[in-house]
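Presented below is the structure to which this report refers.
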Amino acid sequence: MRVLMLAAGVGTRISRYLGDSPKSCVDIGGKPLIRRTMELFYRNNITDIAIVTGYQEKYIHDALKGFEYKKYKNPFYKVTNSIASMWFAKDFMSSDEDLLILNADLFIEDEMLKRLIKCEDSPIFLSDSTRIENADYRFNWEDNRLLRFGKELTNEETTGEYVGIAKIKKQDIKIMKAQLEYLVDKGEYNMWWEDVFYSLVETGKPIYIKDIKGLFWAEVDFIEDYERIKEYIDK
């Protein structure tokens with residue numbers, strides 16, 4: 001299994017609290033978040049890892065000293081979103097290995113990763129059905145299949161919050177890359193990497209959901225997210 005971590009963005013919603021440091025490098029229990037995530041993968045015998053950097057990449061590479069990983073860069077991170085970062089790492093995503101894709105500012109538990117690895121459906125996204133009222137990016141699913149998605153969904157329409165990580169079985173990599181190329185060729189540089197998959201829903205390609213209710217996670221989008229992680233670690 002391979003892992004692609006996307007770490008190019010500035011993180012404008014929390015950047016004023018971080019100085020020059022990328023949000024994937026916030027201190028979590030005495031170590032940068034991205035280093036903690038790398039250790040998580042290594043503990044689970046996943047070592048074929050690539051990282052796409054952009055904003056203040058020196059902090060990320062310093063945080064990961066001692067680890068080997070493939071390095072990609074999105075030089076246009078100021079004017080593009082994560083679909084462009086995904087495109088720069090397209091050669092890493094081959095059809096001979098299953099792939100995990102995640103945002104590098106994501107904090108997850110070991111158990112969450114173990115459950116995702118065991119999933120046989122593809123592509124599959126993690127979602128949390130306990131987070132609805134304060135959900136950021138919202139999913140609506142039925143029978144573990146994604147039906148609707150977006151920030152504009154009401155609480156009544158929301159089945160759970162998107163977590164920030166997905167697994168793609170090797171047989172779906174070719175479809176994913178073709179859709180990625182199609183969207184980039186159209187000039188859709190401001191899409192998120194997840195939009196590659198969301199756009200496939202319209203074609204009839206099922207996108208599956210794994211509910212991880214009861215497990216702790218957080219994406220460091222807002223200072224409140226960081227405070228939740230610190231409180232969890234302190235416990």
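In this structure, the separation between CG on Leu40 and OG1 on Thr37 is 6.5 Å, given to the nearest 0.5 Å. Residue Arg148 holds its CZ atom at 11.5 Å from CZ of Arg138, rounded to the nearest 0.5 Å.
Of all the heavy atoms in Phe216 and Met112, the pair that sits closest is O-CE, 3.3 Å. Phe149 and Val201 get closest at one heavy-atom pair: CE2-CG2, 4.1 Å. A pairwise comparison of heavy atoms in Leu126 and Tyr162 identifies O-CD1, 3.8 Å as the closest pair.
Evaluation of the salt bridge (charged side-chain N to carboxylate O under 4.0 Å, His left out) test over residues 209-218, restricted to residues two or more places apart or in two chains, returns none. The salt bridge (charged side-chain N to carboxylate O under 4.0 Å, His left out) contacts involving residues 95-113 comprise Lys23-Asp105, Arg43-Asp110, Asp98-Lys169, Glu111-Arg115, where partners must be two or more places apart or lie in separate chains.
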Trace of the side-chain contact (heavy atoms from CB on, under 4.5 Å) decision for Val10 with Tyr77 = CA-CA 8 Å; Val10 176; Tyr77 67 89; 4.0 Å; yes

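Asn140 contributes a side-chain N or O that, together with a main-chain N or O of Glu157, makes up a donor-acceptor pair within less than 3.5 Å. Using modelled atom types, no side-chain atom of Tyr198 and backbone atom of Ile207 make a donor-acceptor pair closer than 3.5 Å.
Counting heavy-atom neighbours within 6.0 Å of Tyr182 OH, excluding the residue itself, gives a total of 12 or less.
Partners of Phe92 according to the ring-ring contact (aromatic ring centres under 6.0 Å, His included) rule, which considers only residues two or more places apart in sequence or in another chain, do not exist here. Listed by chain and number, the residues in a side chain to side chain donor-acceptor pair (under 3.5 Å) with Arg131 are Glu161 (sequence neighbours excluded). In this structure, the ring-ring contact (aromatic ring centres under 6.0 Å, His included) partners of Phe197, at least two apart in sequence or on a different chain, are Phe125. With sequence neighbours excluded, no residue forms a ring-ring contact (aromatic ring centres under 6.0 Å, His included) with Tyr189. With sequence neighbours left out, Asp143 forms a side-chain contact (heavy atoms from CB on, under 4.5 Å) with no residue at all. Trp192 is linked by a side chain to side chain donor-acceptor pair (under 3.5 Å) to nothing, counting only residues two or more places apart in sequence or in another chain. Residues satisfying the side chain to side chain donor-acceptor pair (under 3.5 Å) criterion with Trp141, sequence neighbours excluded, are absent altogether. Every residue was checked against the salt bridge (Lys or Arg N to Asp or Glu O under 4.0 Å) condition with Glu194, not counting sequence neighbours, and none meets it. Every residue was checked against the side chain to side chain donor-acceptor pair (under 3.5 Å) condition with Ser95, not counting sequence neighbours, and none meets it. In terms of the ring-ring contact (aromatic ring centres under 6.0 Å, His included) criterion, residue partners of Tyr69 (sequence neighbours excluded) are, by chain and number, His61.
The closest side-chain donor-acceptor pair between Thr80 and Asn74 falls under 3.5 angstrom.
Of the charged side-chain nitrogens involved, at least one lies within less than 4.0 Å of a carboxylate oxygen, so that Glu39 and Lys31 count as a salt-bridged pair.
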